[in-house]
Amino acid sequence: DTLTLSERFLDEKAWHIARGKLAHGTGANIEAQMKTAAGPVWHSLTLELCPDPVSGKKCILMSEIDISNQHKAQKLINRLAYTDTLTGLPNRTSWLDTLNERLAGAREQQRELAILFVDLDRFKLINDTLGHTLGDKLLVAVAERLKGCLGKGDYLARLGGDEFTLLIDEQGAEGRSEKTARSLVDALAIPMLVDGHSMIMTPSIGIGLFPQHAEDSTLLMQQADMAMYAAKEAGGGVRTFKPEMTTQIRRRLRIETDLREAIDSGSLQVYFQPKLAAIDGRMAGMEALLRWEHPVLGWVPPEDFIT
């Protein structure tokens, strides 16, 4: 049977768009999937309103160009631009676009969002000792474990390296965020067999909440990142952002920066503490203690600058 023009469009919406354009002018250009003898094919269509040369009635003159190869190539380019090639998860670009889109929806509908920053503890050690090939396979295995913890509407991405991020987009996201984070920790605690190596990964997870902690994507990500570093400094686990973390992180960054200058300028001081024998009280040795008097922070505890 011969199909009418509208029936040749695989997607009815595409036909309505083309017809709408024609209604506001004499021509229309559109890309759409069309029904052909070979099956659905992407075509570039040019439609023009013109009189029928015989009857003089209005008709539509349409020319079609097969753009299937171009469409496949564009689809591949888009996939490469928005997908992490190692794990198949959305990449950083896709994450940022989705986060901003979901934030706009959350503002409009007055619902909560939570983002979880997940960093794998001691992953660099695995890369350095067992090789990057095994490290890559481990990341793929980790991604599969994390995907198994997702709820409906959750969005998981790989930012790069051993950093993953998860978006919880629902009313009550605050209540589910820590529960989900704990499920991620538990999932990675189950041994993973990678190239004959049985591995258990411990993650550090930071949680940032909208609108409680921030209302824009940049600040929300910074705060989830701070919470993740707080978890890492505590030896792993889960931390939700708290305002005091900002002060702690800034102090930490200042100490790390100023310590280099202190080393170069010889500002660090060594104190020698005698070690006495318990039997007779005689000096059995000396213990060298490193001390640092910061010009602004005062005496900095050794545990703050010695790791």
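Count residues from 1 along the sequence. All values below were derived from every heavy atom in this structure, side-chain atoms included, with hydrogens, water molecules and symmetry-related copies excluded.
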Side-chain ([X]) to main-chain ([Y]) donor-acceptor, under 3.5 angstrom:
X: H213; Y: L209; result: yes
X: R145; Y: A141; result: no
X: S177; Y: E174; result: yes
X: N100; Y: L96; result: yes
X: K35; Y: E7; result: yes

For D119, which of K232, K124, R158 qualifies under salt bridge (charged side-chain N to carboxylate O under 4.0 Å, His left out)?
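Option passing the salt bridge (charged side-chain N to carboxylate O under 4.0 Å, His left out) with D119: K232.
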Charged N-O contact under 4.0 Å between [X] and [Y]:
X: R282; Y: D280; result: yes
X: R102; Y: D169; result: yes
X: R111; Y: E170; result: no

Are the side chains of [Y] and [X] in contact, using a 4.5 Å heavy-atom criterion?
X: L290; Y: Q269; answer: no
X: L268; Y: R291; answer: no
X: I115; Y: I207; answer: no
X: L193; Y: M199; answer: no
X: I60; Y: L22; answer: yes

In sequence, state the C-alpha distance, the side-chain angles, and the governing distance for T98 and Y155, and then conclude on side-chain hydrogen bond (donor to acceptor under 3.5 Å, both in side chains).
CA-CA 9 Å; T98 301; Y155 188 82; 3.3 Å; yes
Sequence neighbours left out, what pairs pass ring-ring contact (aromatic ring centres under 6.0 Å, His included) with at least one residue falling in residues 252-303?
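Qualifying pairs: W292-H294, W292-F305.
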Is there a path of hydrophobic side-chain contacts, each under 4.5 Å between heavy atoms, that joins L116 and L139?
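Same cluster.
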